[in-house]
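Every chain is numbered from 1 and lettered A, B, ... according to where its sequence line falls, protein lines coming before strand lines.
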There are 2 protein chains.
Amino acid sequence: MTAVLLIEDDDRIRLSLVLALEDEGYAAHAVATAEEGLIEQRRVGADTVLIDLMLPGMDGFECIRQLRRTDDVPIVVISARDDTHDIVAALEAGADDYLIKPVAVKELAARLRALRRRSRTADAPALRILTFGDLELRPEAGEVRLHGAEVPVTRTEFQLLCELDDHAGQVLSREQLLQRVWGYDIGDERLVDVHVGRLRHKIEDTPGKPRHLVTVRGLGYKLQP
Amino acid sequence: MTAVLLIEDDDRIRLSLVLALEDEGYAAHAVATAEEGLIEQRRVGADTVLIDLMLPGMDGFECIRQLRRTDDVPIVVISARDDTHDIVAALEAGADDYLIKPVAVKELAARLRALRRRSRTADAPALRILTFGDLELRPEAGEVRLHGAEVPVTRTEFQLLCELDDHAGQVLSREQLLQRVWGYDIGDERLVDVHVGRLRHKIEDTPGKPRHLVTVRGLGYKLQP
DNA sequence: TCTCGGCATGACGATTTCATGACAAGACTG
DNA sequence: CAGTCTTGTCATGAAATCGTCATGCCGAGA
């Protein structure tokens with residue numbers, strides 16, 4: 001059974017939501033403040049956290065941020081405030097979904113199922129530093145290194161490389177690359193060739209024999225893992 | 001850049017959403033019908049699909065179900081209908097989120113970011129590998145391996161192999177293969193023979209005794225599981 | 001065994017697909 | 001404002017690939 005932790009200060013809503021969730025087959029557990037919620041989640045480790053934004057003491061936003069420091073648990077906000085600004089802030093703080101009170105329990109249950117479907121895996125990815133043999137890509141730093149030495153690449157080249165990197169090992173068609181790097185719907189696909197060529201000059205040692213950025217004839221290009 | 005596919009029949013909404021998404025830094029691409037959407041997603045493979053529910057022809061629910069049969073892409077519904085029943089049905093069909101028109105673009109963008117944050121970890125190692133004894137087929141990588149070593153294969157050969165693979169174990173007639181790989185309605189069936197022959201040179205070790213790509217006299221070819 | 005239709009295969013010209021160098025129009029910098 | 005960097009377009013040539021055809025083989029049924 002799925003364990004849900006509800007953080008909500010209003011007694012009536014808290015009680016009715018717990019009952020409704022139990023009806024839907026969840027093991028629901030509720031507390032009234034953000035502080036209790038943090039402790040409880042650390043202790044119990046529910047599969048999903050439901051949280052109100054307006055809480056006495058620590059507010060919902062801060063609670064979400066603190067949860068997110070240590071926990072990748074799916075978080076759904078349930079709030080009376082329907083302001084776009086609040087919604088964006090909550091999602092940016094680390095929430096996964098935002099429902100406006102009064103909530104339809106069926107909808108809540110469906111959203112919880114959808115979210116759970118999506119959150120199957122647990123491990124959080126570390127800072128990405130991707131290595132392909134002697135080629136290093138640091139997306140956050142905007143750096144490309146070959147044999148440890150930084151290689152100057154232009155913005156377009158870098159984006160192209162990142163796009164290929166995001167799908168390392170997969171073939172991306174010129175069309176896909178045009179769409180993703182340039183934002184074109186249609187356009188001259190030779191443009192991709194030209195940039196791939198330029199990139200190769202910089203990141204391949206042996207001309208004519210690309211080891212990283214290989215072309216798959218008739219399909220596109222890919223970055224060799 | 002993140003590629004988004006929008007499926008929306010209303011011209012005004014479609015255009016304004018595309019522009020708004022591009023402002024937010026997405027590579028947006030739009031079609032007007034569910035049927036086009038399915039084709040487009042198979043062709044281009046966006047990172048996220050936005051879809052309206054009320055569409056001419058195939059409706060949004062069915063489109064979501066069909067997408068989900070082959071694709072794990074995040075799907076966000078954007079609909080004018082605010083009925084709980086519709087929301088639940090869409091989420092159950094496989095959607096990840098549901099927004100009610102008119103949508104606040106900032107909220108949409110925030111939800112897309114949240115969804116992407118959530119999906120990224122899950123679908124990282126999604127490279128399919130299909131194995132037939134010593135023969136390996138990696139559709140996304142555009143690779144064919146025999147005894148672990150990569151075999152260079154042309155596009156048509158690769159498509160032919162994928163098609164046979166999709167129906168592994170069952171016989172496909174030359175006519176079916178012509179239709180599926182070449183798109184011909186009619187044509188010279190010898191063409192299939194020639195390509196099967198070329199493919200065999202590459203993926204069979206013992207000439208004259210095909211172990212993977214078997215011909216069924218009078219019927220067609222099949223890939224032996 | 002003979003015959004015949006289905007199948008395999010090698011060759012070849014036509015076409016497609018790629019790589020690359022050159023160039024001009026911006027963008028950026030000092 | 002001049003010089004440099006970046007970017008998109010184009011032309012060209014090389015190489016890989018495609019579809020067709022002709023030829024010959026092989027298996028199944030008589």
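Within the structure, a side-chain polar atom (N or O) of B/Tyr221 is placed less than 4.0 Å from OP1 or OP2 of C/dA8. The phosphate of D/dC5 (OP1 or OP2) has no side-chain N or O of A/Thr154 nearer than 4.0 angstrom.
Taking a cutoff of 4.0 Å between a charged side-chain nitrogen and a carboxylate oxygen, A/Asp134 and A/Arg145 do not qualify as a salt bridge. In this structure, B/Arg138 pairs ionically with B/Glu136, as a charged nitrogen and a carboxylate oxygen lie closer than 4.0 Å. With respect to the salt-bridge test (charged N to carboxylate O, under 4.0 angstrom), the residues A/Glu204 and A/Lys209 do not qualify. Of the charged side-chain nitrogens involved, none lies within less than 4.0 Å of a carboxylate oxygen, so that A/Arg118 and B/Asp97 do not count as a salt-bridged pair.
For A/His201 and C/dT20, the NE2 to C1' distance is 8 Å, given to the nearest whole Å. As rounded to whole Å, 17 Å separates atom P of D/dA16 from atom CG of A/Leu219. Put simply, CG on A/Leu177 is 16 Å from C1' on D/dG8, counting in whole angstrom units. Atom pair A/Asp193:CG and D/dG8:P shows a separation of 14 Å (rounding to whole Å applied). Rounding to whole angstrom units, CG of residue A/Leu160 and P of D/dT6 are separated by 15 Å. When the P atom of D/dG8 is taken as reference, atom CG of A/Leu199 falls 14 Å away, rounded to whole Å. One can place CD of A/Glu189 at 16 Å from C1' of C/dA19, the figure rounded to the nearest angstrom.
Sequence neighbours left out, not one pair with a member in residues 215-225 of chain B passes salt bridge (charged side-chain N to carboxylate O under 4.0 Å, His left out). The ring pair (Phe, Tyr, Trp, His ring centres under 6.0 Å) pairs that include a residue from residues 197-225 of chain A number zero, where partners must be two or more places apart or lie in different chains. For residues 148-161 of chain A, the pairs satisfying salt bridge (charged side-chain N to carboxylate O under 4.0 Å, His left out) are A/Glu157-A/Lys202, with sequence neighbours left out.
Defining each end axis of the helix from C/dT1-D/dA30 to C/dG30-D/dC1 as the rotation carrying four pairs' C1' atoms onto the next four, with five pairs an end, the two axes are found to diverge by 40° to 10 degrees.
Applying a 4.0 Å cut-off to non-hydrogen atoms, none of the residues of residues 203-213 of chain A approaches DNA chain C.
Rounding to the nearest 0.5 angstrom, the gap separating the CZ atom in A/Arg211 from the CZ atom in A/Arg200 is 13.0 Å.
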Just the atom pairs and distances: protein N or O near nucleotides 19-23 of chain D's N or O, under 3.5 Å.
residue, atom, partner, partner atom, Å
D/dG19, OP1, B/Trp182, NE1, 3.2
D/dG19, OP2, B/Trp182, NE1, 3.2
D/dG19, N7, B/Arg198, NH2, 2.9

Atom pairs under 3.5 Å, N or O on each side, protein against nucleotides 28-30 of chain C: can you list them with distances?
none

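Each of C/dA19, D/dA15, D/dA28 was ranked by its minimum atom distance to the side chain of B/Arg217; first place goes to D/dA28. Of the candidates C/dA19, C/dC7, C/dG10, C/dC7 carries the atom nearest the B/Thr215 side chain, counting heavy atoms from C-beta on.
Not counting sequence neighbours, the partners of A/His195 by the ring pair (Phe, Tyr, Trp, His ring centres under 6.0 Å) test are A/Trp182. For B/Ala104, the side chain to side chain contact (heavy atoms under 4.5 Å, CB included) partners at least two apart in sequence or on another chain are A/Thr84, B/Glu107. Residues that satisfy the side chain to side chain contact (heavy atoms under 4.5 Å, CB included) test with B/Arg14, not counting sequence neighbours, are B/Leu6, B/Glu8, B/Asp11, B/Ala30, B/Ala32. Judged as a side chain to side chain contact (heavy atoms under 4.5 Å, CB included), and not counting sequence neighbours, the contacts of B/Val103 are B/Leu17, B/Ile78, B/Leu99.
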Is there a side chain to side chain donor-acceptor pair (under 3.5 Å) between A/Thr156 and A/Gln159 once you walk through the steps?
-> CA-CA 5 Å; A/Thr156 333; A/Gln159 283 185 31; over 6 Å; no
Which donor-acceptor pairs under 3.5 Å do the side chains of residues 52-64 of chain B make with protein atoms, sequence neighbours left out?
residue, atom, partner, partner atom, Å
B/Asp52, OD2, B/Lys101, NZ, 3.4
B/Asp59, OD1, B/Phe61, N, 3.3
B/Asp59, OD1, B/Glu62, N, 2.9
B/Glu62, OE1, B/Arg65, NE, 3.4
B/Glu62, OE2, B/Gln66, NE2, 3.3

